[in-house]
Amino acid sequence: MNAKDIRLPTVRFELNGREVEASPQETLIEVAEREGIAVPRLCHKPGLAPVGNCRSCMVEIAGERVLAPSCCRYPSSGMKVDTASPRAVAAQKMVLELLLSDIGDPGGKPGYVPDNEVSRWARQLGVTEARFPRREQPAQDLSHPAIAVNLDACIQCTRCLRACRDEQVNDVIGLAWRGESAKIVFDQDDALGASTCVSCGECVQACPTGALAPALAPNAAALVQPDKVVDSVCPYCGVGCQLSYKVKDKRIVEVKGRDGPANHERLCVKGRFGFDYAHHPQRLTTPLIRREGMPKDPEAPMDPSRVMEVFREASWEEALALAAGTLARIRNQDGGRALAGFGSAKCSNEEAYLFQKLVRTGFGSNNVDHCTRLCHASSVAALLEGIGSGAVSNPVMDVTKAEVVLIIGANPTVNHPVAATWMKNAAKAGTRLIVCDPRRPELARHAHRFLQFKPDTDVALLNAMMHVIVTEDLVDHDFIASRTVGYEDLAENVANYSPEAMAPVCGIDADTIRYVARLYATSKASMILWGMGVSQHVHGTDNARCLIALALMTGQIGRPGTGLHPLRGQNNVQGASDAGLIPMMLPDYGRVDNAAVRARFEAAWGATLDPQPGLTVVEVMDAIGQGRVKGMYILGENPAMSDPDANHARAALAALDHLVVQDIFLTETAYLADVVLPASAFPEKTGSFTNTDRLVQLGRQAIDPPGEARQDLWIIQEMARHLGLGWEYGAQYESVAEVFDEMRRLMPSIAGITWERLQQDGAVTYPCRLEGDPGQPVVFEDRFPREGGRARFVPADLIPADERPDADYPMVLITGRQLEHWHTGSMTRRTAVLDALEPDPVALVHPQDLARMKVRPGEPITIASRRGEVVLYARADDSSPPGAVFVPFCYYEAAINRLTNPALDPFGKIPEFKYCAVRVTPGGTVAPQGSYGGGLVLSGVAQLAT
């Protein structure tokens, strides 16, 4: 337990002549603030460890010879504290005068923060000029695309250092030298742009003077006073960080982290700097219709300057009539199963709910899916089978309450950076991290043990761990007897998987397997988190079954600091799945082939529903080739880039009789559409979003859609109206709140969450079944939502990858995401800072493999599989083992999913993104950026800066 969690008796003491009561764990400055007494502070910032090095918060304590820094002094009974005595005020003013002597007034310098903390406190204390000579000033450092370094404004408060070292645990910023030579440095006194900085910007948010400031030329974000500040949430990963948009002249100029449950003001590079895509000149602003006779060529390069050769502009009425009218004609002629819809995990809960309702009632089939099929579908399949719920059991923050944390098949510092900070904080506080992955993630340097097992051998490793736990009788017999079924079959199965037998298979020695198994089983609280390195295999469901069995046999679930947490990828993949945006489940995971569940929704929606589960993402593409699916409506999804064997996916999309795409940019998928509907970007709408912790949060509209672009909810309802459903906007649903209210009436898990509560609290965890309930961060405390309340063990055996390396294709391709870019890149590659940080397609190759091929870092290489080839720039990276190459899938000009294998896990129907055989050869010509271009991105930023 954290020391702050222990409640001690309060103490009474005197503060500025009056008696106050406080906890002995509160600092004097915290008590003063609570009592409405202003005490200067510069090095102090809530959330950062107190250091007392600026000395601006000095107070006088009766009976003590010297003044005390109130930021790191605690009260005791009978203490008499004066924050405004002549002696204390003189000291405070002297500190401010000395700082102003060194740095001048940062508020008067171009590019620095106006009305910064030094200026404010100096003004409040009446310090208007400094009598002391200035120090010698360091040069400005503008080497970093995101952060300007103005050390002439630095007061050495070390807030940046503590934000980097203690909060984010990136260990880039330090304080070097001593005395008058002391200075803030990056790594070994490198320029920031040449350092190991990951651009999270935590130092920028912490800096009180603008010595570290946003680098948007010419520091536009720092110079402007916003017209308004709008509280919202981050549009990228599943962590669900709360943030605030600063808006000036109807444009977002800066983003700051808020004190939300998942982030407590922390952000990553995408959340802090990835916002200006909303203002990019390539935004769709008017409906488009494909020109008569213009063929759909899946191989045609995308050229933004020639869009109007392919499409023509149309009115909303013409576009909607053609889009919905043609889909209705296909439905009437060929039946509802000839149509399909792909929604998006980028959309709100309300948009996901209405979209799946449109497909089920307007198309007449369950052919509706979204990117969960490509992320954690196998995890959800295993969880529903074994636990009875596809959601996480514990929030990420529970890693701080665990003794042991097992992280497998995940790279949180890249994919969930703010969540990774809590894991690093936990490790520094004594939690033992066990990191298991075929690649060496950055988190491995914080691990108690790092197990770099061979790709495709998850089940071998996990079954060997369970073998140890069973044979050494480390299981929780009471938990197994009272809360599970099927243990005997599981124990019999793992008897054949001794560590000695599995060591040569998985590449981890038997002693290490035994040690880690004992550590996990015997700790008071062990937690498992996993990512798509577990799920994106043909045996992804089996991988997850093993993790579930580990937790069940040791009783490590249902308590704080324990449990199972598949880290959700997209910002609303949890909420979209909850809302029914999947082909076999209605909202709240009622199966479509369950007559009782179906009857409930039929009564609410006034429609007859198809009892047959629909087609998944990859199955839809196959069905198009077979002539079974002829029309599609795609909202915010980009399967031309995200689907495996993308050549096949693009050919399928091009073969459709009719394709309607609703998006904010002309994506690779939209380029193949018959009708394109311009939609709203994330900060242009209000809605609820559910993060990986089951936390329902409110995203608020900050700016308006450009041109004739419309809110997504309006477009969905207009499509429904043109399909004959009578959903005219302003008739059935007058607001987002009305959609949410219908959802909670049909979804018991969120029944207790009202729209008013979301507006007031900003975040509520489900299950929340009754109004006023606090919500349940930890579930499965007493029972599991399965028959009899018992979880089920499901044994798993070794199943090899669908495609193994051979003489022709001797290496393994692993795909995933990149820190600076998100998913298919349609947003982040149109963001100035993010595109400047990672502008080119790269492949991460082990130095030994580069040496063998006689390739130098930065030179092009060609990667080929049985399905296609791409050319990228080689980057030396020893995180991937020799014989494996890692490539992000965000680059249009090197679309790596042209190579990946569409073979499916038989249960989750998820493709095998994490393993296919490839051949890597030197040379080749990297394709031009096509629809994305640094020039266009930078011109957008220049426009923003002015």
Does the [X] side chain pair with the main chain of [Y], one donor and one acceptor, at a distance under 3.5 Å?
X      : Y      : value
Arg283 : Ala278 : yes
Arg694 : Val392 : yes
Lys346 : Tyr236 : yes
Ser344 : Gly636 : yes
His279 : Ile252 : yes
Asp657 : Gly631 : no
His658 : Ala323 : yes
Arg337 : Asn367 : no
Arg331 : Leu339 : no
Lys909 : Arg373 : no

Side chains of [X] and [Y] in contact at under 4.5 Å (non-hydrogen atoms):
X      : Y      : result
Leu677 : Val660 : yes
Met632 : Leu653 : yes
Ile664 : Phe682 : no
Phe689 : Pro235 : no
Pro678 : Pro287 : yes

Check the side chains of [Y] and [X] for a donor-acceptor pair under 3.5 angstrom, ignoring hydrogens and angles.
X      : Y      : answer
Trp822 : Gln570 : yes
Asp231 : Tyr245 : no
Glu350 : Ser688 : yes
His823 : Glu637 : no
Asp369 : Thr616 : no

Applying salt bridge (Lys or Arg N to Asp or Glu O under 4.0 Å) to Glu742 and Lys357, what does each step give before you reach the verdict? CA-CA 12 Å; Glu742 179 177 313; Lys357 182 179 177 181; 3.0 Å; yes
Regarding Glu351 and Lys685, does a basic nitrogen lie under 4.0 Å from an acidic carboxylate oxygen? yes
Is the shortest side-chain N to carboxylate O distance from Arg591 to Asp593 below 4.0 Å? yes
Ile715 and Leu635: CA distance, side-chain angles, deciding distance, side-chain contact (heavy atoms from CB on, under 4.5 Å) verdict: CA-CA 10 Å; Ile715 301 172; Leu635 166 58; over 6 Å; no
Find the distance between [atom1] ([X]) and [atom2] ([Y]) and round it off to the nearest 0.5 Å.
X      : Y      : atom1 : atom2 : result
Asp712 : Cys347 : CG    : SG    : 5.0 Å
Ser680 : Leu284 : OG    : CG    : 12.0 Å
Cys890 : Asn638 : SG    : CG    : 12.0 Å
Asp674 : Ile289 : CG    : CD1   : 9.5 Å
Leu358 : Ile716 : CG    : CD1   : 7.5 Å
Leu834 : Arg272 : CG    : CZ    : 12.5 Å

Kindly state each residue pair satisfying ring-ring contact (aromatic ring centres under 6.0 Å, His included) with at least one member in residues 321-375, sequence neighbours excluded. Phe355-Tyr633
Please set out all donor-acceptor pairs under 3.5 angstrom arising from side-chain atoms of residues 769-778, sequence neighbours excluded.
from	atom 1	to	atom 2	distance (Å)
Glu771	OE2	Arg744	NH2	3.1
Asp773	OD2	Leu770	N	3.2

Write down the atom of [X], the atom of [Y], and the distance for their closest heavy-atom approach.
X      : Y      : value
Arg568 : His416 : O-NE2, 2.8 Å
Val233 : Gly699 : CG2-CA, 4.1 Å
Leu383 : Ser389 : CB-O, 3.2 Å
Glu738 : Glu734 : OE1-N, 3.2 Å
Gly271 : Val255 : O-CG1, 3.3 Å
Ala576 : Ala345 : CB-CA, 4.4 Å

Derivation and outcome, side chain to side chain donor-acceptor pair (under 3.5 Å), residues Asn349 and Thr690: CA-CA 8 Å; Asn349 289 325; Thr690 306; 3.1 Å; yes
Determine, stepwise, if the pair Arg710 / Glu718 fulfils side-chain contact (heavy atoms from CB on, under 4.5 Å). CA-CA 11 Å; Arg710 293 289 184 268; Glu718 285 298 304; over 6 Å; no
List in chain and number order the residues that pass side-chain contact (heavy atoms from CB on, under 4.5 Å) with Thr608, two or more places apart in sequence or in another chain; answer none if no residue qualifies. Glu602
Assess whether side-chain contact (heavy atoms from CB on, under 4.5 Å) is satisfied between Lys256 and Glu254, documenting all intermediate values. CA-CA 7 Å; Lys256 289 209 167 183; Glu254 189 178 9; 3.5 Å; yes
Using the rule side-chain contact (heavy atoms from CB on, under 4.5 Å), only one of Asp249, Val253, Val247 pairs with Asp227; which is it? Asp249
With side-chain contact (heavy atoms from CB on, under 4.5 Å) as the test, would you mind laying out the steps for Phe780 and Ile387 before giving the verdict? CA-CA 9 Å; Phe780 317 139; Ile387 301 294; 3.4 Å; yes
